[in-house]
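A short worksheet on the structure shown next.
Note that ligands are numbered from 1 as they come in the structure, with each ligand's atoms numbered from 1 the same way. Along the sequence shown, residues are numbered consecutively beginning with 1.
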Amino acid sequence: MTGNRPAIPPAQVPQRDLLQLRVLPDERQLRADIERLRRERNAVILAHNYQRPEVQEIADFVGDSLGLSRQAARTDADVIVFAGVHFMAETAAILNPDRVVLLPDLRAGCSLAQTLTAQDIRDWRARHPGGLVVTYVNTTAEVKAESDYCCTSGNAVQVIESLPADVPILFAPDRFLAAHVIRETGRSLDVWDGACHVHAAIRPEDVQHQQAAHPGAELLIHPECGCSSRVLAALPDLQLYSTEGMLHRARASEAQTFIVVTETGMVTRLRRDVPEKTFVPVSRTACCEYMKMISLENIRDSLANLQPRVTVPEDVRLRALRPIERMLAIG
Ligand code: 13P
Ligand code: SF4
């Protein structure tokens, strides 16, 4: 295990029921303004599965980190509004140097991305000449620029399986995702000791509590979760899913009720796309304050002002593009 930088303390969550979609009366005008500005600016709104219900509702595309990167790579819009967090907007900017990329609130960061710096990778490489660095997409552009491959929870296993068996690999920064990849591939990895404060805080007891309340419900667990090793010890055949993987599983499964073990926004997405089934959040406190900083108000304002923009210096962009393109090519 490498590194031990603590996650930054989260910011405050704006109040509102984050699981219910209710169009508030004063939101009708906001939605109309967003609609008009979206057309005038030739803009696309990309939203992560953890976004607020009303933001998911107005987005052109809602998905996981991999799906959002793919959408950002293929868009022909002039403006990309990223309803997500900073590293996601940076990834869009790396893929789209000639388009305007807006992040409606620049404070929308990521505790996991902050656990690893570019210098940490340079130090690791100095200790492991010839090693390969695979970083989760939840990293800064500077960290990606020092990486050989990027991955998301949706393709981390395939990325590691595509690499030669005899070279040292640094897998960073999420230690729980790393444990999942090691279990699935049998590979030995040097693992960075980082975690997301939301997923790390989900306890096996939270899962057990919901299992007792919903007997027979199927578990949908994200590999970033701190509870996954202990839950898997009791249920060794259980699969873990990226947020988009959860959606596919919910559709394909014969189960009617699911316990959603990840950030609460995923429950919104599942309830909207699979309305005939029941989705229960593992804990209402599993809430990413950074994701929830994006609102209809700041989306409207960013479209009106074309600010705040996310840009990446060209030398960093060109080096960060390589691992992202390798990731997109793999799966
Ligand atoms: P995915 O949507 O790629 O599964 O990632 C989850 C996450 O925590 C993004 O910040
Ligand atoms: Fe980062 Fe965790 Fe929030 Fe995802 S849920 S953006 S990993 S802090």
> Got the closest protein heavy atom to atom 3 (O) of ligand 1, with its distance?
Replying inline: Ser65 OG, 2.9 Å
> Of all the atoms in ligand 1, which lie at a distance below 4.0 Å from a heavy atom belonging to Thr243?
Replying inline: 1 (P), 2 (O), 4 (O)
>> Let's go through His197 and Glu289 carefully: what are the C-alpha distance in whole Å and the side-chain angles of both, what is the deciding distance for side chain to side chain donor-acceptor pair (under 3.5 Å) to 0.1 Å, and is it a yes or a no?
In response: CA-CA 10 Å; His197 72 285; Glu289 302 84 347; 2.9 Å; yes
> Do any protein N, O or S atoms sit under 2.8 Å from atom 3 (Fe) of ligand 2, and which ones are they?
Replying inline: Cys288 SG
> Of the non-hydrogen atoms in Leu102 and Ser302, which two are nearest, and what is the gap between them?
Replying inline: CD1-O, 3.4 Å
> With a cut-off of 4.0 Å, which atoms of ligand 1 are near a heavy atom of His222?
Replying inline: 1 (P), 4 (O), 5 (O), 6 (C)
> Given that the side chain starts at C-beta and the backbone is N, CA, C, O, which of these parts of His48 lies under 4.0 Å from ligand 1, counting heavy atoms, or is it both or neither?
Replying inline: side chain
> Among Ser153, Gly154, Gly67, which one has a heavy atom closest to atom 1 (P) of ligand 1?
Replying inline: Ser153
> Mind checking who shares a hydrophobic cluster with Val62, ILVMFWY linked at side-chain heavy-atom distances under 4.5 Å?
Replying inline: none
>> Show me which atoms of ligand 2 lie under 4.0 Å from any heavy atom of Glu224.
In response: 7 (S)
>> If the test is side chain to side chain contact (heavy atoms under 4.5 Å, CB included), which one of Met266, Met246, Glu263 qualifies with His222?
In response: Met246
> Will you find, in the side chains of Tyr50 and Thr262, an N or O donor that is under 3.5 Å from an N or O acceptor?
Replying inline: yes
>> Using heavy atoms and a 4.0 Å limit, tell me yes or no: is Tyr50 in contact with ligand 1?
In response: yes
>> One pair to check against side-chain contact (heavy atoms from CB on, under 4.5 Å): Asn49 and Glu244. What are the steps and the verdict?
In response: CA-CA 8 Å; Asn49 288 323; Glu244 208 60 20; 3.2 Å; yes
> So, Thr268 versus Gln56: side-chain donor-acceptor pair below 3.5 Å or not?
Replying inline: no
>> Please report whether ligand 1 has a polar contact with Asp64, defined as an N or O pair separated by less than 3.5 Å (distance criterion only).
In response: no
> Nearest protein heavy atom to atom 7 (S) of ligand 2, by residue and atom, and its distance?
Replying inline: Asn138 ND2, 3.1 Å
> Where does Tyr136 meet ligand 1, judged by heavy-atom distances below 4.0 Å: at the side chain, the backbone, both, or neither?
Replying inline: side chain
> With a 4.0 Å cut-off on heavy atoms, is Glu263 touching ligand 1?
Replying inline: no
>> Can you confirm whether the side chains of Thr152 and Ser65 place a donor and an acceptor under 3.5 Å from each other?
In response: no
>> For atom 8 (O) of ligand 1, what's the nearest protein heavy-atom neighbour? Residue, atom name and distance, please.
In response: Glu224 OE2, 3.1 Å
> So which heavy atom on Gly63 is nearest to which on Arg269, and how close?
Replying inline: CA-NH1, 3.9 Å
>> So if I count the atoms of ligand 1 from 1 in the order they appear, which ones are less than 4.0 Å from some heavy atom of Asn138?
In response: 9 (C), 10 (O)
> Hey, are Asp206 and Gln210 close enough side-chain-wise for a donor-acceptor pair under 3.5 Å?
Replying inline: no
> Atom CG in Asp148, atom CG in Leu163: separation rounded to 0.5 Å?
Replying inline: 8.5 Å
> Atoms of ligand 1 less than 4.0 Å from Ser242 heavy atoms?
Replying inline: 4 (O)
>> Is there a side-chain contact (heavy atoms from CB on, under 4.5 Å) between Glu224 and Ser153? Walk through the geometry before answering.
In response: CA-CA 8 Å; Glu224 278 180 35; Ser153 55; 5.5 Å; no
>> Please give me the minimum heavy-atom distance between Ala195 and Arg175, naming the atom from each residue.
In response: CB-NH1, 3.6 Å
>> Under 4.0 Å from a heavy atom of Met88: which atoms of ligand 1 are those, numbered in the order shown and with their elements?
In response: 9 (C), 10 (O)
